[in-house]
**Student:** 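Before I ask anything, here is the structure I am working with.
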Amino acid sequence: MTHNIHAKIDLDLSDKIIDIKNSSYDIAIHVSQDTPLHEHCKFIGSIQWGLYATPRYIAQIKKINAPSDLPTRDFLLFRGIARTLSLSFKREKQRVDISVQSRFRSNNSIALMSMALSDFGIAYLPNYVASEYLALGKLERILPNWSMDEYKIWLLLKTKDTLTSSVKNFTSELQKCITKDRVKDNQ
């Protein structure tokens, strides 16, 4: 795929919440469960989360049949937007919150996935991050019949005039990537 988006990019990956109006940035991508309190924002897509571990790790522990089987396990948890010590599970009309302890915490999904692939525990990951390793059989989804958190992705614009054709093209490409990953998640 050829990308013809002509822009100067200064990429800052951070979990800090910024005040885009008073920042040096023209746009920001904001990931949250809630709608941002910003007058110029555009919904881009959503990210589903799940629990993943290697078949080897899963074979070494007592079988997990329900969320209530999870509290004594080794968890690799996301530190940042998804600060989690209580994991939420939903299935049909049932909702369960389970408190867990982390063995390892990071604000980087790739670091969590690497730890999971090294048999260190059960990683709480965005489904799109785990999808390739799931397809290769290197990771397994734990409790796949339960849904977990969903975070929304928002594009924040400094002003309404920031939505130039280049920003529209960038947003369109980003939405295509998110849509492609959601299709993979559902397969």
Side-chain angles (χ1 to χ4, degrees), residues 13-18 28-38 41 43-135 137-156 178-179 181-187:
L13 301 175
S14 171
D15 289 336
K16 295 181 296 188
I17 296 175
I18 64 162
I29 296 175
H30 178 79
V31 180
S32 174
Q33 288 181 309
D34 303 314
T35 303
L37 299 173
H38 183 67
C41 62
F43 177 73
I44 297 176
S46 60
I47 303 169
Q48 303 289 326
W49 289 66
L51 294 175
Y52 297 90
T54 61
R56 181 176 165 182
Y57 178 84
I58 292 170
Q60 296 173 8
I61 62 174
K62 184 179 170 190
K63 187 168 169 100
I64 299 171
N65 296 310
S68 59
D69 296 331
L70 292 169
T72 60
R73 308 292 183 238
D74 294 320
F75 283 91
L76 313 169
L77 299 176
F78 197 88
R79 178 182 54 81
I81 293 171
R83 293 183 192 273
T84 305
L85 288 177
S86 178
L87 298 175
S88 296
F89 296 86
K90 293 173 242 147
R91 183 171 65 184
E92 298 166 5
K93 294 181 181 181
Q94 188 177 11
R95 181 182 168 100
V96 178
D97 291 318
I98 301 294
S99 293
V100 298
Q101 297 293 317
S102 62
R103 178 177 189 187
F104 177 84
R105 288 172 64 94
S106 175
N107 66 345
N108 183 287
S109 297
I110 304 304
L112 292 172
M113 185 178 58
S114 294
M115 293 297 285
L117 290 168
S118 297
D119 301 319
F120 276 92
I122 300 170
Y124 176 64
L125 295 169
N127 293 349
Y128 75 89
V129 171
S131 64
E132 179 182 343
Y133 295 95
L134 191 63
K138 293 182 178 185
L139 288 178
E140 289 182 18
R141 174 90 187 254
I142 294 174
L143 300 174
N145 295 326
W146 290 81
S147 60
M148 295 189 74
D149 290 327
E150 176 179 276
Y151 284 80
K152 308 240 182 310
I153 305 168
W154 298 89
L155 180 71
L156 304 182
I178 292 166
T179 302
D181 283 331
R182 289 215 51 169
V183 169
K184 277 197 246 176
D185 285 349
N186 295 324
Q187 291 177 346

**Student:** Is there a side-chain contact between Met148 and Phe89, using heavy atoms and a 4.5 Å cut-off?
**Tutor:** yes
**Student:** Check Leu77 against Tyr124 and note the closest heavy-atom contact, atom names and distance.
**Tutor:** CD2-CB, 3.8 Å
**Student:** Taking only residues two or more places apart in sequence, or in another chain, which ones meet Arg95 in a side-chain contact (heavy atoms from CB on, under 4.5 Å)?
**Tutor:** Ser88, Lys90, Asp97
**Student:** What is the distance from atom CG of Leu139 to atom OG of Ser131, rounded to the nearest 0.5 Å?
**Tutor:** 10.0 Å
**Student:** Enumerate donor-acceptor pairs with a distance under 3.5 Å from any side-chain N or O in residues 64-75 to protein atoms, sequence neighbours excluded.
**Tutor:**
residue	atom	partner	partner atom	Å
Asp69	OD2	Asn65	N	2.7
Asp69	OD2	Ala66	N	3.1
Arg73	NH2	Lys62	O	3.0
Arg73	NH2	Asp69	O	3.4

**Student:** Do you know the tightest heavy-atom contact between Pro55 and Lys138?
**Tutor:** CD-O, 3.4 Å
**Student:** Please round to the nearest 0.5 Å and tell me the distance separating atom CG of Leu51 and atom CG of Leu143.
**Tutor:** 7.0 Å
**Student:** Of all residues at least two apart in sequence or in a different chain, which pass the side-chain contact (heavy atoms from CB on, under 4.5 Å) check with Gln94?
**Tutor:** Arg91, Val96, Trp146
**Student:** Tell me, yes or no, whether the heavy-atom count around Phe104 atom CZ, taken from other residues, nucleotides or ligands under 6.0 Å, exceeds 12.
**Tutor:** yes
**Student:** Quick one: pull up CG in Leu155 and SG in Cys41 and give me the separation to the nearest 0.5 Å.
**Tutor:** 9.0 Å
**Student:** Applying ring-ring contact (aromatic ring centres under 6.0 Å, His included), can you list everything that pairs with Trp154, at least two apart in sequence or on another chain?
**Tutor:** Phe43
**Student:** Taking atom CG of Leu125 and atom CG of Leu134, what is their separation to the nearest 0.5 Å?
**Tutor:** 11.0 Å
**Student:** Among residues at least two apart in sequence or on other chains, which ones pass salt bridge (charged side-chain N to carboxylate O under 4.0 Å, His left out) with Asp34?
**Tutor:** none
**Student:** Might you point out which heavy atoms bring His30 and Ser32 nearest each other, and give the distance in Å?
**Tutor:** NE2-CB, 3.4 Å
**Student:** Considering non-hydrogen atoms only, spot the tightest contact between Pro126 and Ile47 and give its length.
**Tutor:** CB-CG2, 3.6 Å
**Student:** Tell me the closest heavy-atom pair linking Ala53 and Tyr57, and the distance in Å.
**Tutor:** CB-CD2, 3.9 Å
**Student:** Using the salt bridge (charged side-chain N to carboxylate O under 4.0 Å, His left out) criterion, which residues pair with Lys152? Sequence neighbours excluded.
**Tutor:** Glu150
**Student:** Let me check something: any side-chain donor-acceptor pairs from residues 112-123 under 3.5 Å, sequence neighbours excluded? List them with distances.
**Tutor:**
residue	atom	partner	partner atom	Å
Ser114	OG	Ile110	O	3.0
Ser118	OG	Ser114	O	3.0
Asp119	OD1	Thr54	OG1	2.3

